> 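Can you keep this structure in mind? I'll have questions shortly.
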Amino acid sequence: LDQSEIKPVKLEELFIDLGLPVDKVRESVEIGDMITLDRTVEEAGDCVIGKALDDRAGVYIMIEALRAMRGGTAEVVAVATTQEEVGLRGARTSAFAVEPDIAVALDVTLAGDIPGMPVEQAVSRLGKGAAIKLMDSSPISHPRLVRHFRDLADRHQIPYQFELLPRGGTDAGAMQQTRSGVPAITLSLPTRYVHTVNEMAHRADLDACVRVVRVHRVHVRRVRRLSRHGQVGPSSVEPPGRARVPRLHVAGDVGGADLEGVAAVGEAGVALGTGAGAPGAAVDPALEGGARFVGGEVEVGVGRGGGVGR
């Protein structure tokens, strides 16, 4: 096609062919029914490829970090939010309820290390470690948290790279602005072909992200809020002291339909909120949405209002 012939497809030009007579389609499908593409996860060399790694990968990182956490005094509230793509809605309501001292979003970022992409526009590169976000269209990461994550990665020899995303955002944008402001940061998984059914991530980067989240929780002992009253105030991470146990809000956005096959096991006292409950998990309506760890076992409830629970 000539360049002038390449135009965006209009919504009214799209259709789904079910291969069925019209009357059977009308019997089986209603207006408003959700659809998704049927796509398995495949291994390709050192990478995994599949749909919705944005942000099933974030939930994987969150759960694996919870499995590995030992020690530390910070209270962790881990939430798998929904509706991030249409307005950061799940993160906004959950952060308001949790009132965290520190907010960490787990998401993917663009990896433009492909043929034809200028090096300076790559944003991140596969196999080079976890991406510590400096800023994007929604939040500017708290500089002390950026330094804290960098120093932890250096100390524990975890590979990392810095990320500056010129367009796009994460749940950190909503969590940062909750109530009177919360120090926030995003830890990103470099991912190629984002928002396609063939998103690709490197196994080593997944492992690096898990390790950063795990050691971050262990090293958070005391958080001293230095500024309030409508501002996103600076915060310091200090040794154990007189302050109360800090509350750490970890969020990864994911729809309930994308939680298939995710198993969650964690320590007592660590809470995991899910957007819509993992299919096949035991549902306790009393939880009023979300999930929590009790005695080392996970209880899962059905999410409401943006899929947020504790």
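This structure is a prediction, so every number in the text was calculated from the model and none was measured. Heads up: numbering here begins at 1 and tracks the sequence.
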> Can a donor-acceptor pair be found, under 3.5 Å and without considering hydrogens, that links the side chain of His156 to the backbone of Ile158?
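The answer is no, because no donor-acceptor pair under 3.5 Å joins these two groups.
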> Can you confirm whether Glu84 sits close enough to Asp107 that some side-chain heavy atom of one is under 4.5 Å from a side-chain heavy atom of the other?
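Heavy-atom side-chain distance check passes, below 4.5 Å.
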> Grouping I, L, V, M, F, W and Y whenever their side-chain heavy atoms are under 4.5 Å apart, do Val215 and Ile61 come out in a common cluster?
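Same cluster.
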> What verdict does the side chain to side chain contact (heavy atoms under 4.5 Å, CB included) test give for Val182 and Glu99, after you've listed the backbone C-alpha separation in whole Å, the side-chain angles of each residue and the deciding distance to 0.1 Å?
CA-CA 8 Å; Val182 176; Glu99 292 189 72; over 6 Å; no
> Could you list the residues that satisfy ring-ring contact (aromatic ring centres under 6.0 Å, His included) with Phe96, not counting sequence neighbours?
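With sequence neighbours excluded, Phe96 shows a ring-ring contact (aromatic ring centres under 6.0 Å, His included) to no residue whatsoever.
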> Only pairs at least two apart or in different chains count here, so list each side-chain hydrogen bond (donor to acceptor under 3.5 Å, both in side chains) that has a residue in residues 11-29.
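For residues 11-29: none.
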> Run the salt bridge (charged side-chain N to carboxylate O under 4.0 Å, His left out) test against Asp113 and tell me which residues pass, sequence neighbours left out.
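Checked Asp113 against salt bridge (charged side-chain N to carboxylate O under 4.0 Å, His left out); matches are Arg192.
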> Do Val108 and Met200 sit in the same hydrophobic cluster, where Ile, Leu, Val, Met, Phe, Trp and Tyr count as joined when their side-chain heavy atoms come under 4.5 Å apart?
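Val108 does not cluster with Met200.
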> Are Met175 and Met62 linked, directly or through intermediate hydrophobic residues, by side-chain heavy-atom contacts shorter than 4.5 Å (ILVMFWY only)?
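No, because Met62 and Met175 fall into different hydrophobic clusters, even though each may have its own neighbours under 4.5 Å.
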> Between side-chain atoms of residues 118-133 and protein atoms elsewhere (two or more places apart, or another chain), which donor-acceptor pairs fall under 3.5 Å?
unit_1, atom_1, unit_2, atom_2, d
Ser124, OG, Leu110, O, 2.6
Lys133, NZ, Asp136, OD2, 3.1
Lys133, NZ, Glu163, OE1, 3.4
Lys133, NZ, Glu163, OE2, 2.4

> Rounded at 0.5 Å granularity, tell me how far CD in Glu75 sits from CG in Asp101.
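CG of Asp101 is found 9.0 Å from CD of Glu75.
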> Among all residues two or more places apart in sequence or in another chain, which pass the ring-ring contact (aromatic ring centres under 6.0 Å, His included) test with Tyr60?
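Residues passing ring-ring contact (aromatic ring centres under 6.0 Å, His included) with Tyr60: none at all.
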> Check salt bridge (charged side-chain N to carboxylate O under 4.0 Å, His left out) between Glu43 and all other residues, then give those that pass, not counting sequence neighbours.
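If we apply the salt bridge (charged side-chain N to carboxylate O under 4.0 Å, His left out) test to Glu43, skipping adjacent residues, the hits are Arg203.
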> Mind checking what makes side chain to side chain contact (heavy atoms under 4.5 Å, CB included) contact with Ile35, not counting sequence neighbours?
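Applying side chain to side chain contact (heavy atoms under 4.5 Å, CB included) to Ile35 gives Ile16.
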> Starting from Leu164, walk the hydrophobic network (Ile, Leu, Val, Met, Phe, Trp, Tyr; side-chain heavy atoms closer than 4.5 Å) and list everyone else you reach, by chain and number.
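Leu164 shares its hydrophobic cluster with Met135, Ile140.
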> State whether a side-chain donor-acceptor pair under 3.5 Å links Thr196 with Lys51.
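Short answer, no.
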> Going by distance alone, is a donor N or O of one side chain under 3.5 Å from an acceptor N or O of the other, for Thr81 and Asp171?
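On atom types as modelled, these side chains qualify, holding a pair under 3.5 Å.
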> Compare every heavy atom of Glu199 with every heavy atom of Asp54, then report the nearest pair and how far apart it is.
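Result for this residue pair: N-OE1, 2.9 Å.
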> Are Leu145 and Leu189 connected, step by step, through hydrophobic side chains (Ile, Leu, Val, Met, Phe, Trp, Tyr) whose heavy atoms are closer than 4.5 Å?
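In one cluster: yes.
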> Checking Arg155 against Leu152 for the side chain to side chain contact (heavy atoms under 4.5 Å, CB included) test, could you report, in this order, the C-alpha distance in whole Å, the side-chain angles of both residues, the deciding distance, and whether it holds?
CA-CA 5 Å; Arg155 185 185 314 170; Leu152 284 177; 4.0 Å; yes
> Do Ser94 and Val79 come close enough that some side-chain heavy atom pair is under 4.5 Å?
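Touching, per the 4.5 Å side-chain cut-off.
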> Could you tell me which residues satisfy side chain to side chain contact (heavy atoms under 4.5 Å, CB included) with Asp2, sequence neighbours excluded, listed by chain and number?
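Ser4, Glu5.
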> Take Val213 and Leu106 through the side chain to side chain contact (heavy atoms under 4.5 Å, CB included) test and state the conclusion after the steps.
CA-CA 9 Å; Val213 176; Leu106 302 175; 3.7 Å; yes
> Between Thr170 and Asp55, is any pair of side-chain heavy atoms under 4.5 Å apart?
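No, too far: nothing below the 4.5 Å cut-off.
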> What are the two closest heavy atoms between Ser137 and Pro166, and how far apart are they?
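Taking Ser137 first and Pro166 second, the nearest heavy atoms are OG-O, 3.6 Å.
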> Indicate the atoms forming the closest heavy-atom contact of Ile49 with Ala44, along with that distance.
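Residues Ile49 and Ala44, closest heavy atoms: CD1-CB, 3.6 Å.
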> Is the shortest side-chain heavy-atom distance between Thr82 and Arg89 below 4.5 Å?
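Contact flag for Thr82/Arg89 side chains = no.
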> Could you go through Val29 and Leu18, starting from their C-alpha distance and side-chain angles, then the distance that decides it, and tell me whether this counts as side chain to side chain contact (heavy atoms under 4.5 Å, CB included)?
CA-CA 10 Å; Val29 181; Leu18 299 181; 3.8 Å; yes
> Using side-chain heavy atoms (C-beta onward) and a distance below 4.5 Å, is Ile185 in contact with Gln176?
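No, their side chains stay 4.5 Å or more apart.
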> Heavy-atom distance under 4.5 Å between the side chains of Ile102 and His216, does that happen here?
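Yes, at least one pair of side-chain atoms sits under 4.5 Å.
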> Which heavy atom in Arg92 sits nearest to a heavy atom in Gly87, and how many Å separate them?
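Heavy atoms only, the tightest pair is NH2-O, 3.2 Å.
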> What pairs with Leu14 under side chain to side chain contact (heavy atoms under 4.5 Å, CB included), at least two apart in sequence or on another chain?
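Leu14 satisfies side chain to side chain contact (heavy atoms under 4.5 Å, CB included) with Val9, Leu11 only.
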> Taking all atoms of both residues into account, what is the closest heavy-atom pair of Thr191 and Ala201, and its distance?
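Nearest pair, atom of Thr191 first, then Ala201: OG1-CB, 4.4 Å.
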> Same hydrophobic cluster for Met117 and Val194, using side-chain heavy-atom links shorter than 4.5 Å among ILVMFWY?
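No.
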> Enumerate the ring-ring contact (aromatic ring centres under 6.0 Å, His included) contacts for residues 175-203, please, sequence neighbours excluded, ordered by first and then second residue.
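Checked against ring-ring contact (aromatic ring centres under 6.0 Å, His included) - neighbours excluded - no pair reaches residues 175-203.
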> For Gln157, check side chain to side chain contact (heavy atoms under 4.5 Å, CB included) against everything at least two apart and list the hits.
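With neighbours one apart ignored, the set is empty.
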> Examine distances only and state if a side-chain atom of Asp33 and a backbone atom of Glu30 form a donor-acceptor pair shorter than 3.5 Å.
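At least one qualifying donor-acceptor pair exists.
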> For the residue pair Cys209 and Ser188, what are the closest heavy atoms and their distance?
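Heavy atoms of Cys209 and Ser188 come nearest at SG-O, 3.6 Å.
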> Examine the side chains of Glu42 and Thr40 and answer whether a donor and an acceptor come within less than 3.5 Å of each other.
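Per modelled atom types, Glu42 and Thr40 side chains form a pair under 3.5 Å.
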> Could you grab the distance from atom OG1 of Thr186 to atom CZ of Phe149, nearest 0.5 Å is fine?
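Thr186 atom OG1 to Phe149 atom CZ measures 9.5 Å (nearest 0.5 Å).
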